[in-house]
Each structure stands twice: as structure tokens, then as C-alpha cells.
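Here the structure comes first, spelled out in C-alpha cells, and everything after it is commentary.
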Amino acid sequence: MRSDLMKEGVSRAPHRSLLKALGLTDREIKRPFVAVVSSKSDYIPGHTHLDTITKAVEAGIRNAGGVPFTFNTIGVCDGLSMNHLGMKYSLCSRELIADSIEVMLTAHPMDAVVFIPNCDKIVPGMLMAACRMNLPSIFVSGGPMMPGVDGQQRVGLNEMFEAVGAVAAGKRDEASLHEMENTACPGCGSCSGMYTANSMNCLTEAIGMALPGNGTIPAVHAARIRLAKDTGERVMELLHENIRPKDIMTPKAFENAMRADMAIGCSSNTVLHLIAISHAAGCPVTVKEIDDIGKQTPQICKLNPASQVFITDLNGVGGIQSMLKELDKAGLIHRECLTVSGTVGDRVDAAREADGEIIRHLDNPFRKDGGLAILFGNLAKDGAVVKQGAVLPEMMVHTGPARVFDCEEEATAAIGEGRIHPGDVVVIRYEGPKGGPGMREMLTPTSMIMGMGLGSSVALITDGRFSGATRGASIGHVSPEAAAGGVIALVEEGDMVSIDIPARKLELLVDEETLAKRRAAWKAPEMKLKGYAKRYAQHVTSGSTGAVFDDMLEE
């Protein structure tokens, strides 16, 4: 056992004395040691209940003859950090999470690992760490939040942000906004729509690193506790069978995950994270490969924020496994892929049939292609990402004048002051991985556009990114970013921008000679950075390569 490095033999007597200081007996010290990595904290709704999940996992490990050791990671709540300096640290935290887990599991040798994430960057950060360490591992998330309400309508966090835009437009008063804030987020769990957290938890299940139900069983259901106990027991079987993350996260498994992504209309952030995880797994995927999968995969689920159907509704009709079962009928899933509980084929064969409404049948999809699209053109030579499954039909093709802003705050102010008009294309730049730094999410400006009734006539383009709660013609991850000299840095007020999502095109309608003159005069703005933000900006790569650190691309 790997834990023997710190507990076996005469020379490890000092180590054993420290373990006994924890209360361990000689019998326990001889058993397998299992790390339980939790992102529990007291101020993130998705994480506040993870101590309960952790206790259930620990019970499962003990039931199966192991000894659990729990430690916590950091975790940033994107909702709480939105639209201020804190959001610059959200994506940055993914690398810190992966690094800290590597440190802990190398300094204190464990035999297997259970990961307990529940929010946006924590899930991919832990998956990256699982690949690096390649110990027998399994995931169990804290589960999704139940939908909230606004009057008689069910809502998620995105509607809360859009209500702010409605107040700014005079379509709603502050008293009703206050009522809504009391009911929009009813309790613990990851925010209730198909946002980034729920997207990543579903994809963790689809790729095979979690038991069925991981992505969709509500946080408040007893089934979530039972799932956690089963997970603790199952990790001991993975240890005995010597099944490791890189045995599961293979190129075909990533293809399964990408198809699941497209079929359920996941957050655009999944593009960043799948690419980053694939690098850690040693089988990197590209934005072009993701788009190719998207063109071949129908969208058969349409969940909030794209509809009034919530992820808890998906759970009620069979969840991710029933969705995969429907894709499998068209031969779109690699059945032979290994998971933490048998093969993909084993799992989908045991799943319920698609209900035909929440999970549509293949002959009646919401879209014939996937929920995400990658756009290319002179404005995004290396690609840009749009959640096309949440774009109104009238905005799938759009040409309009650029309204240019060098940061999110400037754009938000202009939208709130009524300076953005139907037909405009809002361009927010210097918000990329290096330029932000940290590639901030733009949920506030996109939600204000929707809340003010401009969603059917205004597009937004940025080298930053969008929350999974974003809907509308919102195009992010524009690469190369402005800070790296991408064409988005050369856009001027009034330039015409052409968007053609079906054709996968994003073009700045300015001739090359003019762009060459602008490029010759362009100079990157000076950033006065310090601390982790400075180190991050020095090492982070493009959004098109997952915004991983440069050393990952060299491996």
C-alpha cells in the first residue's frame, strides 16, 4: 500500500506515534488509508452542507474496512464573487485547488481518494488533481439546490440577476426584488440551473468518475446521503481492483463527456475545464474537436436557464444515465469505457428509458446539433464559445456596430444607464486569462441585457467568460485575448461585427490594411499586479488551451 511509505517498518515508528496521537489503533494503522478531500465552507450554499456528505463518505469507507482522513480545499462561489474584484480569483482558484491537493496527497501518502466538490472551479480542480496523483479515486458532489420561486414561477440564480436589469429598466420595483431575493435560493446545494457547477458534476458522472446520480440527485434528498455512503464503500473496491483515474479518463471517455455536454446544454465554461482536465489526463482535446462533437450530437435536454425545466426535474426522469441511454441508441456513446462502477454500457442498460419530454427522443431533439458551438474568424482565430442552446432564434445570425469597453465595469455602467441600443454588439475586452487576469464571468452585464428586454437584439462578445447562468447571444473565450494582441484589442467603436452561429463564424468587418495600422499603434495596457494574480498572469495560457499553466502544455 502507498500509505506504507509513512507507517511500515522500524524507521516509521516516529510516524506511527504521530498517527497514534490522532487516536488510531495498531489495527487501524494496518488498514488502507483513504483521503477524503472536501471543499466544505460556511459561506458557499453549495458547500455549507458538505460536512454531512463527508460523514456519510467516512462511514462508507469504515464499512468497507478503510480508515478515512479528511482535509479541505479552498472554494470560490462565483455568485458571491460576481461583478467585483473577487471574480478575478475564481478561475485562478482551479489551479490552486489542484496544486494544494497534490501537495497534501504527496506529503501524506494515501492509498485511495474520495473527492467531494460542488461548485464551479472546485470540480475541475479536483479532477485535475485526481489525474496528477492517479490514485484509485471516486467523486461525490453535494448535489444541486432546489429551484426557487418568484411569485408562481420557479426561478434560479440567473433570474435573480436578470431582475436587477428589470429594476434598472423600470420594469420592476425594488420591493418585489427584495421579495425575490428571499425566495430565489431556497437552501443548500449548487445553484439550481444547468450552470457550471451542475454541468461539471453531470460531466463527472458521464466521464465515469462518479456513481450514477452524482450530477442530479438534489442536495437535500436522503438519496444524496446514501450515494455518499455507497461512494465511500466503492472507493475501497476500486483500491482492491486497482482502478485508477487514468484507466477511466481515456480519449473515448472524454468523447462521452463531450457528447453529454452537448446533449444537455451545459455551461460554456465546460469547454475550458474539459480541455484542462484532458491535459492533466494526458490525452488533450482541442476546441475544434469539441465543436466537431457538437455538430454530430443532438441537444435532447433543455434546462434552466434556457427553459423552465430544472436539473432536479432531470433527476426525476432518470438523470444523466437515461440521457446517455438515449444517445446510445444512435451509437453516440462508447459503451466499453470503464467507470467507477462497471462499464458505461452496464450503467446505461440499467437506466430508465427517456421520458420524451425532459429527455427528448432522438427523433425529436431540441436541436440537431449540440448546446455549445465554437466560432472562428478573424475576431477569434483560435476560437470563441457560445451556449447556442440558450440563444434566441433571431440572434443566431446578427450584424451590428461594436460598443467597446475595456473592462466589465464600464460595460455594466453603460447598459444600466441606457447607452446600449437594439442592434449593438457589446465588446468587453482585457478580461481574458492574462488580461483580467483571471477571465472574469460576465453574468451581470448579460443578465442586465436580458432583464432590460434587449436579449433579442443585443449581442455581447468578450475575451472573458460567462456564467453557466448566462443566456442570450453571449460569446466568450475569444482567443487570442486582447492582452495577447488578439484582434479583439483592435476593435473600435462603431466597427461592424458579424455573428453567424450556425456557420460558426465571428468576424470583424474591417479590412486587413486598417487592422495592420491599428496593430502597429497598439500597446498592451500596463497592469500593476501583485501576489497570486501576478504569478497567475505570468503562467496562464489562452482560453483556447483551457487556461492551464504553461508547464502543463510542455508535458
Side-chain angles (χ1 to χ4, degrees), residues 123-124 127-128 131 139 194 196 198-210 214-215 245-246 248-303 319-321 323-339 343-345 347-348 359 362 365-376 382-390 465 468 476-477 504 543-548:
V123 185
L127 283 165
M128 291 163 68
C131 291
F139 281 66
M194 185 49 75
T196 306
N198 288 328
S199 295
M200 288 307 305
N201 285 328
C202 288
L203 296 188
T204 301
E205 180 180 337
I207 208 169
M209 285 300 295
N214 176 73
K246 288 187 178 180
I248 295 171
M249 287 190 274
T250 63
K252 287 184 178 180
F254 276 99
E255 187 173 323
N256 284 345
M258 289 186 281
R259 290 201 186 278
D261 194 335
M262 296 298 173
I264 59 178
C266 286
S267 164
S268 58
N269 284 318
T270 57
V271 173
L272 280 175
H273 299 323
L274 282 175
I275 291 173
I277 297 160
S278 72
H279 278 291
C283 48
V285 299
T286 67
V287 289
K288 180 65 167 59
E289 289 174 291
I290 292 173
D291 192 50
D292 288 343
I293 291 290
K295 290 175 181 176
Q296 304 161 10
T297 308
Q299 183 178 356
I300 57 175
C301 299
K302 195 167 190 175
L303 306 175
I320 296 303
Q321 298 307 314
M323 178 275 297
L324 292 174
K325 187 183 188 81
E326 187 66 18
L327 292 183
D328 183 46
K329 293 177 180 177
L332 294 174
I333 295 298
H334 295 291
R335 294 174 54 88
E336 73 278 14
C337 285
L338 187 65
T339 78
T343 66
V344 169
R347 299 192 343 171
V348 299
I359 305 173
L362 291 169
F366 289 99
R367 299 183 56 87
K368 292 182 178 180
D369 56 357
L372 298 178
I374 311 296
L375 311 185
F376 295 93
D382 296 335
V385 184
V386 62
K387 189 174 183 177
Q388 64 173 345
R465 53 195 181 91
H477 307 200
R504 305 298 202 263
S544 64
T545 51
V548 297

- Item | K295, NZ: over 12 other non-hydrogen atoms inside 6.0 angstrom |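 Counting neighbours around NZ of K295, more than 12 heavy atoms of other residues, nucleotides or ligands fall under 6.0 Å, so yes.
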
- Query: More than 12 foreign heavy atoms under 6.0 Å from NZ of K246: is that the case here?
  - Reply: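 Yes, NZ of K246 has more than 12 neighbouring heavy atoms, counting only those of other groups under 6.0 Å.
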
Give the minimum heavy-atom separation between [X] and [Y], together with the two atoms involved.
X: A276; Y: G546; result: CB-O, 4.0 Å
X: C283; Y: T250; result: SG-C, 4.0 Å
X: V285; Y: S278; result: N-OG, 3.0 Å
X: Q388; Y: L372; result: NE2-O, 3.6 Å
X: Q296; Y: L332; result: O-CD2, 4.1 Å
X: G282; Y: P284; result: C-CD, 3.5 Å

So do [Y] and [X] actually touch side chain to side chain, heavy atoms under 4.5 Å?
X: S268; Y: R465; answer: no
X: T270; Y: L203; answer: yes
X: K302; Y: M194; answer: no
X: D291; Y: L375; answer: no

Determine whether a donor-acceptor pair (N or O, by modelled atom type, separation under 3.5 Å) exists between the side chain of [X] and the backbone of [Y].
X: T297; Y: M262; value: no
X: S267; Y: S199; value: no
X: D382; Y: S544; value: no
X: N256; Y: I333; value: no
X: Q299; Y: C301; value: yes
X: N201; Y: N214; value: no

- Task: Identify the residue among K329, K325, M323 that makes a side chain to side chain contact (heavy atoms under 4.5 Å, CB included) with V348.
- Result: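 It is K325; the other options fail the test.
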
- Query: Out of L272, L274, D292, I374, which residue meets the side chain to side chain contact (heavy atoms under 4.5 Å, CB included) rule with V287?
  - Reply: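 Checked L272, L274, D292, I374 against V287; only one passes side chain to side chain contact (heavy atoms under 4.5 Å, CB included): I374.
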
- Message: Using the rule given for side chain to side chain contact (heavy atoms under 4.5 Å, CB included), can you reason through M249 versus L127, listing the C-alpha separation, both sets of side-chain angles and the distance that settles it, and then say yes or no?
- Response: CA-CA 10 Å; M249 287 190 274; L127 283 165; 4.3 Å; yes

Please report the interatomic distance [atom1]([X]) to [atom2]([Y]), rounded to the nearest 0.5 Å.
X: H279; Y: T545; atom1: NE2; atom2: OG1; result: 6.0 Å
X: L338; Y: M209; atom1: CG; atom2: CE; result: 10.0 Å
X: L303; Y: I264; atom1: CG; atom2: CD1; result: 7.0 Å
X: I290; Y: F254; atom1: CD1; atom2: CZ; result: 10.0 Å

- Task: Determine the sole option in R347, R259, R335 for which the salt bridge (Lys or Arg N to Asp or Glu O under 4.0 Å) test with D328 is passed.
- Result: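 Exactly one pass, corresponding to R335.
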
- Query: Quick one: do E255 and K252 make a salt bridge, cutoff under 4.0 Å?
  - Reply: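 So E255 does not pair with K252 through a salt bridge.
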
